[in-house]
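Values reported hereafter were calculated over all heavy atoms of this structure, with side chains retained and with hydrogens, waters and symmetry mates removed. Every chain is numbered from 1 and lettered A, B, ... according to where its sequence line falls, protein lines coming before strand lines.
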Amino acid sequence: GSTLVVAEHDGGAIRAPSLSALTATTCLPDSGSSVSLLLAGSGPSLHQAASHAASCHPSISQVLVADSDTFKSPLAEPWAKLVHMVQQRGGYSHIIAASSSFGKNVMPRAAALLDVSPVTDVTGISDSHTFVRPIYAGNALCTVRYTGAGPCILTIRATSFPAPQKSVDSKSNEASISQVDLSTFDEDLGKSRYISQTTQEDERPDLGNARIVVSGGRALKNAENFKLIENLAEKLGAAVGATRAAVDAGFVPNELQVGQTGKIVAPELYMAFGVSGAIQHIAGMRDSKVIVAVNNDADAPIFQVADYGLVGDLFEVIPELLEKLPEKK
Amino acid sequence: MKIMVAIKRVVDYAVKIRVKPDKTGVVTQNVKMSMNPFCEIALEEALRIRESGLASEVVAVSMGPAQSVDTLRTGLAMGADRGIHVEANGSLYPLSVAKILKKLVEIEKPGLLILGKQAIDDDCNQTGQMTAGLLNWPQGTFASKVVLDKEKQVVTVDREVDDGIETVSLNLPAVITTDLRLNQPRYATLPNIMKAKSKPIKKYTPEELNVEIKSDLEIVQVTEPPKRKAGVVLSSVDELIDKLKHEARVI
């Protein structure tokens with residue numbers, strides 16, 4: 001078999017979720033023999049990302065670069081056509097992307113163009129055509145087999161396929177970089193346009209990859225109080241998360257939401273303050289290694305998944321933690 | 001302009017699901033079923049667009065067994081003008097649903113197709129994107145804001161993406177899938193529930209639509225997720241810090 005990884009890049013490097021997609025290829029029996037990585041975009045950062053890709057993972061044998069302004073923004077319409085075109089030429093047995101907002105947007109569309117049922121949000125690989133994915137907000141696990149003739153199209157949950165911490169820079173292992181011939185690319189231009197993206201800029205680690213996540217719920221009461229969570233996160237070098245209730249109440253922006261329809265996280269330590277533990281929230285953090293819950297309601301469902309529970313007032317507990325916790329190294 | 005909305009009947013979001021002992025699926029007999037919450041948001045958005053005068057008709061579509069009609073009636077009670085039920089028994093995977101939707105779009109010719117971004121049973125998050133691909137329509141997925149410009153025949157969509165909000169502008173006709181924060185769906189009032197009983201629901205079968213339901217997926221088994229071991233309740237912050245340092249060794 002041969003695998004195509006549809007990768008995202010940012011600032012001249014492959015993004016972490018796409019590195020997880022590469023990890024997933026190594027779980028496919030004998031499909032890891034030939035891995036091609038597809039990158040698209042334009043300008044110097046694309047080519048920087050391509051050279052990063054060529055040496056970032058020993059399993060990559062080829063980097064395919066689609067250099068065009070069409071792919072400058074992550075619009076699904078041209079991207080899906082690109083994946084379709086590259087598949088028609090390469091005849092891959094598997095196409096894999098991360099289950100990021102990009103992968104979720106593009107891959108099912110590409111799959112439809114190829115007349116294939118994709119398997120999305122995969123958390124486990126049993127064999128080359130059998131995969132495990134959570135259903136019902138993670139309250140059940142479904143093992144599904146792809147029986148079609150076309151390529152097997154997957155999006156993988158990044159937290160289930162951790163990327164190696166340090167990139168391998170064995171120069172001997174460098175993959176070849178080749179340009180995708182776009183002369184026959186017939187994308188109907190102009191049906192969709194990218195307008196803008198607003199991003200919360202901060203110094204904190206990325207929620208999806210952080211070693212520690214400190215999370216707050218509705219009990220924080222307002223945005224001002226939520227700063228307590230941020231202060232604690234800063235002290236621990238942690239990322240900040242929130243429940244849907246906290247996001248809906250306007251305490252924090254939506255990209256901090258942890259849960260079934262928000263971010264899925266699996267840090268070493270997840271600390272939940274004033275989080276009741278709705279199943280939709282638990283779906284987003286249940287794979288964390290150690291879970292701490294602080295809540296004044298001893299019956300809150302969050303305590304059923306917490307390794308360490310503390311029944312108490314978070315407005316007393318957090319200041320005490322801030323005072324007593326050691327400074328981050 | 002006509003708006004088509006796809007709605008799915010799923011196990012109610014408040015039900016604690018149980019996996020069948022033979023691992024073939026989850027128990028759905030004698031379990032409360034409702035409209036998928038994301039589909040409610042999709043329908044609500046369509047109704048608001050119609051109420052603002054930018055659309056003339058909202059058509060709700062559902063697929064599945066006979067009971068899907070109950071879900072369609074809920075949609076009609078919320079305010080959809082009419083319904084379409086495509087009766088199909090057995091598993092319907094998103095690719096088949098997308099093919100059926102494509103046929104219905106060709107019949108009904110809506111200017112906008114709105115769907116929930118995912119169903120809370122299979123959590124697939126595929127159908128909108130796949131339908132848009134088959135139709136060669138632009139797509140605005142995970143929408144948290146939708147602004148329609150009827151004159152320019154353009155819809156501007158704010159999308160919830162991993163690192164913030166992305167805004168795209170799409171030519172009509174287009175597909176939109178809805179995220180949680182787009183709106184708060186209304187409840188059906190009793191008079192509207194009564195009125196919904198006389199609204200028309202047209203029936204099709206996949207055969208009549210010339211869609212072959214073939215599946216390239218097979219469910220091997222459905223199991224319960226591994227349980228987390230029961231934790232301990234601590235009595236003080238000092239104890240918590242001690243445990244995190246010396247037992248869990250995470251700080």
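- For the set B/Ile219, B/Val19, B/Asp122, the entry with the most heavy-atom pairs within less than 4.5 Å of chain A is B/Asp122.
- Inspection of non-hydrogen atoms places B/Leu180, B/Arg181 of residues 178-185 of chain B under 4.5 Å from chain A.
- Judged by distance alone, with hydrogens and angles left aside, the side-chain atoms of B/Arg228 form a donor-acceptor pair with the main-chain N or O of A/Val305 at under 3.5 Å.
- Under a 3.5 Å cut-off, the side chain of A/Lys191 and the backbone N or O of B/Ala174 do not form any donor-acceptor pair.
- A donor-acceptor pair under 3.5 Å is absent between the side-chain atoms of B/Glu218 and the main chain of A/Val144, judged by distance alone.
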N/O donor-acceptor pairs under 3.5 Å from side chains in residues 244-251 of chain B, not counting sequence neighbours:
| residue | atom | partner | partner atom | Å |
| --- | --- | --- | --- | --- |
| B/His246 | ND1 | B/Asp242 | O | 3.4 |
| B/His246 | ND1 | B/Asp242 | OD1 | 2.9 |
| B/Glu247 | OE1 | A/Tyr308 | OH | 2.5 |
| B/Glu247 | OE2 | B/Lys243 | NZ | 3.3 |

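- A donor atom on one side chain and an acceptor atom on the other are found under 3.5 Å apart for A/Asn105 and B/Gln139.
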**Message:** Working note: B/Asn171 + A/Arg193, criterion side-chain contact (heavy atoms from CB on, under 4.5 Å); need CA distance, chi angles, decisive distance, verdict.
**Reply:** CA-CA 9 Å; B/Asn171 290 1; A/Arg193 288 158 301 277; 2.8 Å; yes
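- Ranked by heavy-atom pairs under 4.5 Å with chain B, the first of A/Val292, A/Val311, A/Asn254, A/Leu269 is A/Asn254.
- Between the side chain of B/Asp162 and the main chain of A/Ser100, no donor-acceptor pair closer than 3.5 Å is present.
- The backbone N or O of B/Gly231 sits nowhere less than 3.5 Å from a side-chain atom of A/Asp307 that would complete a donor-acceptor pair.
- Across B/Leu234, B/Leu134, B/Asp238, the residue that shares the most heavy-atom pairs under 4.5 angstrom with chain A is B/Leu234.
- A/Asp115 approaches B/Lys99 most closely through the heavy-atom pair OD1-NZ, 2.8 Å.
- In terms of heavy-atom pairs under 4.5 angstrom with chain A, the leader among B/Thr131, B/Ile17, B/Leu240 is B/Ile17.
- Checked by atom type and distance alone, the side chain of B/Glu166 never pairs as donor or acceptor with a backbone atom of A/Ser196 at under 3.5 Å.
- A distance-only check finds a donor-acceptor pair linking the side chain of A/Arg133 to the backbone of B/Asp123 [under 3.5 Å].
- You'll find the side chain of A/Gln197 stays beyond 4.5 Å of the side chain of B/Ile165, heavy atoms only.
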Identify all side-chain donor-acceptor contacts of residues 28-42 of chain B below 3.5 Å with residues at least two apart in sequence or on another chain.
| residue | atom | partner | partner atom | Å |
| --- | --- | --- | --- | --- |
| B/Ser34 | OG | B/Asp12 | OD1 | 2.4 |
| B/Asn36 | OD1 | B/Ile120 | N | 3.1 |
| B/Asn36 | ND2 | B/Gln118 | O | 2.9 |

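- By number of non-hydrogen pairs under 4.5 angstrom with chain A, the leading residue of B/Glu160, B/Lys229, B/Glu224 is B/Glu160.
- Every side-chain contact (heavy atoms from CB on, under 4.5 Å) that A/Asp127 has, sequence neighbours left out, goes to A/His129, A/Thr130.
- In this model, no donor atom of one side chain and acceptor atom of the other lie less than 3.5 Å apart for A/Thr147 and B/Asp216.
- Remark: the A/Thr120 side chain and the B/Asn125 side chain contain no N/O donor-acceptor pair separated by less than 3.5 Å.
- Counting heavy-atom pairs closer than 4.5 Å to chain A, the top-ranked of the candidates B/Val155, B/Thr167, B/Leu95, B/Val168 is B/Thr167.
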